[in-house]
Undergrad: 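There's a structure below that I have some questions on.
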Amino acid sequence: MRGWLKATIGLAVLSGLLLGADRIAVGVAEDEAADRIVKSGRMSQRPDVSIEGFPFLTQVLSKKLDDVRISSDGLTVGDGGHRVALHSFEARLSGVKVSDSMSNAMVDSGTGSGVISYQDLGQLLPPASQLLHGAKLPVGGNSRLTLAYAGPGKVKASLGPVAIGEGTVHNKGNTVTVDGFRLSSLAGMVAGATGQQLEPMSFILDTLPAGLKLADKEGGGGVTPLPEGLQLSFDGKDVKLLG
């Protein structure tokens, strides 16, 4: 009985040491991965990295991490000319194959999401002068639409003090289009263009985080209007994360 007890205690101590070593190793790897991701230029700010799964050391030996989570609240995205904040970015990367030095990493598949505020979204749209032909609303030619949530799948727009109406947001690849706006009665009276429809407004988001792209589902599933802003949904397969 005494020998069995000693063996049990020994195994418990050994298991604790191995668990401790495993957790220390994963913490070091998470910090190193965060540094390398931001240095690679695939994210504009150092993210928080969490390597899931246990034990970690066996994943290292296989050079493939089952589940990696990335998050950040200080990233930016844009269209090449304007950069805006991407809030509450979170991504889940599955099947991350890494080199011995962690200088290269490929991802089997990944998904993620983030939110652009409506105020920032307006900065990515063209000036009002490019949207209406022959209409003269009481704002400067460089003014831009102000957008807000208008219910599931819809946004509403105004130009200065004048309400425009409601429209939709959708995407094809990384190209986001805002369209369907028709001048409200008041806007039409002010502009002298009753019933006129605004030209579709599009921009292309570049340098998306972690090498992902906007989800390209039927109906523009990569962008969803929410009360707090426009949610972007990301995905990707065979994504280069590092290297």
Side-chain angles (χ1 to χ4, degrees), residues 75-89 91 111-209 212-236:
L75 300 179
T76 59
V77 295
D79 61 354
H82 298 86
R83 308 296 297 178
V84 298
L86 180 67
H87 302 284
S88 304
F89 173 74
T111 58
S113 65
V115 175
I116 297 177
S117 72
Y118 289 115
Q119 181 179 359
D120 284 345
L121 181 61
Q123 297 303 308
L124 299 174
L125 302 179
S129 58
Q130 300 178 21
L131 306 179
L132 290 165
H133 299 298
K136 299 185 181 299
L137 291 170
V139 292
N142 291 324
S143 298
R144 298 175 186 272
L145 290 181
T146 300
L147 301 178
Y149 183 65
K154 294 183 178 181
V155 293
K156 56 185 177 182
S158 59
L159 197 52
V162 181
I164 299 297
E166 295 184 357
T168 60
V169 187
H170 52 90
N171 75 291
K172 185 173 181 58
N174 289 344
T175 299
V176 180
T177 300
V178 183
D179 62 11
F181 293 103
R182 185 174 296 277
L183 292 182
S184 63
S185 299
L186 176 59
M189 289 175 60
V190 174
T194 304
Q196 182 172 340
Q197 187 162 330
L198 273 66
E199 296 290 335
M201 300 160 277
S202 296
F203 55 88
I204 301 174
L205 290 174
D206 60 7
T207 319
L208 296 179
L212 300 173
K213 59 182 180 60
L214 285 182
D216 198 5
K217 303 175 184 177
E218 185 177 353
V223 289
T224 305
L226 299 176
E228 63 269 28
L230 185 69
Q231 183 184 61
L232 308 183
S233 297
F234 306 101
D235 64 15

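Numbering starts at 1 and runs along the sequence shown.
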Undergrad: Specify the closest pair of heavy atoms between N174 and K213, including all atoms of both residues, with the distance to one decimal.
TA: OD1-CB, 3.6 Å
Undergrad: Do you know which two heavy atoms are closest between T207 and V77, and how far apart they sit?
TA: O-CG1, 4.5 Å
Undergrad: Hey, could you give me the CG/OG distance between L75 and S88, rounded to the nearest 0.5 Å?
TA: 10.5 Å
Undergrad: Which distance, rounded to the nearest 0.5 Å, do you find between the CG of L86 and the OG of S117?
TA: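 Between atom CG of L86 and atom OG of S117 there are 10.5 Å.
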Undergrad: State plainly whether the residues R83 and D206 are in salt-bridge range, i.e. N to O under 4.0 Å.
TA: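 Yes, R83 and D206 are salt-bridged.
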Undergrad: Short question: side chain of D79, backbone of I204 - any donor-acceptor pair under 3.5 Å?
TA: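 Not at all, since once roles are kept as given, no pair shorter than 3.5 Å links the two residues.
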Undergrad: Taking atom CD as the centre, does Q119 end up with more than 12 heavy-atom neighbours from other residues, nucleotides or ligands that are less than 6.0 angstrom away?
TA: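 No.
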Undergrad: Looking only at heavy atoms, which two atoms of F89 and P209 are closest? And how far apart?
TA: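 The pair with the smallest heavy-atom distance is CE1-CG, 3.4 Å.
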Undergrad: Between T177 and K172, is the side chain to side chain contact (heavy atoms under 4.5 Å, CB included) condition met? List the steps.
TA: CA-CA 8 Å; T177 300; K172 185 173 181 58; over 6 Å; no
Undergrad: Could you tell me if H82 and D120 have a donor-acceptor pair between their side chains, going purely by distance under 3.5 Å?
TA: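 No, because no side-chain N or O of D120 sits under 3.5 Å from a partner of the opposite role on H82.
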Undergrad: Could you pull out the closest heavy-atom pair between G222 and N171, with the gap in Å?
TA: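 Distance-wise, the nearest heavy atoms are N-OD1, 2.9 Å.
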Undergrad: Side chain of D235, backbone of T111: donor and acceptor closer than 3.5 Å?
TA: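 Side chain of D235 to backbone of T111: no pair is present.
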Undergrad: Taking the side chain as every heavy atom from C-beta outward, state whether L230 and L121 have any pair of such atoms under 4.5 Å apart.
TA: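 Yes, their side chains come closer than 4.5 Å.
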Undergrad: Can you tell me how far CG of D179 sits from NE2 of H170, rounded to the nearest 0.5 angstrom?
TA: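 Here the rounded value is 3.5 Å.
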Undergrad: Are L214 and F234 close enough that some pair of their side-chain heavy atoms sits under 4.5 Å apart?
TA: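 In contact.
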Undergrad: Do the side chain of D216 and the main chain of G173 share a donor and acceptor less than 3.5 angstrom apart?
TA: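 Confirmed, D216 side chain pairs with G173 backbone.
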Undergrad: List the steps and the verdict of side chain to side chain contact (heavy atoms under 4.5 Å, CB included) for T76 and V84.
TA: CA-CA 5 Å; T76 59; V84 298; over 6 Å; no
Undergrad: So do the side chains of L232 and V115 get within less than 4.5 Å of each other, counting heavy atoms only?
TA: no
Undergrad: Do I116 and Q231 come within less than 4.5 Å of each other through their side chains, counting heavy atoms only?
TA: no
Undergrad: Show the numbers, then the answer: is there a side chain to side chain contact (heavy atoms under 4.5 Å, CB included) between V169 and K154?
TA: CA-CA 7 Å; V169 187; K154 294 183 178 181; over 6 Å; no
Undergrad: With a 4.5 Å limit on heavy-atom distance, are the side chains of Y118 and P225 in contact?
TA: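 In contact.
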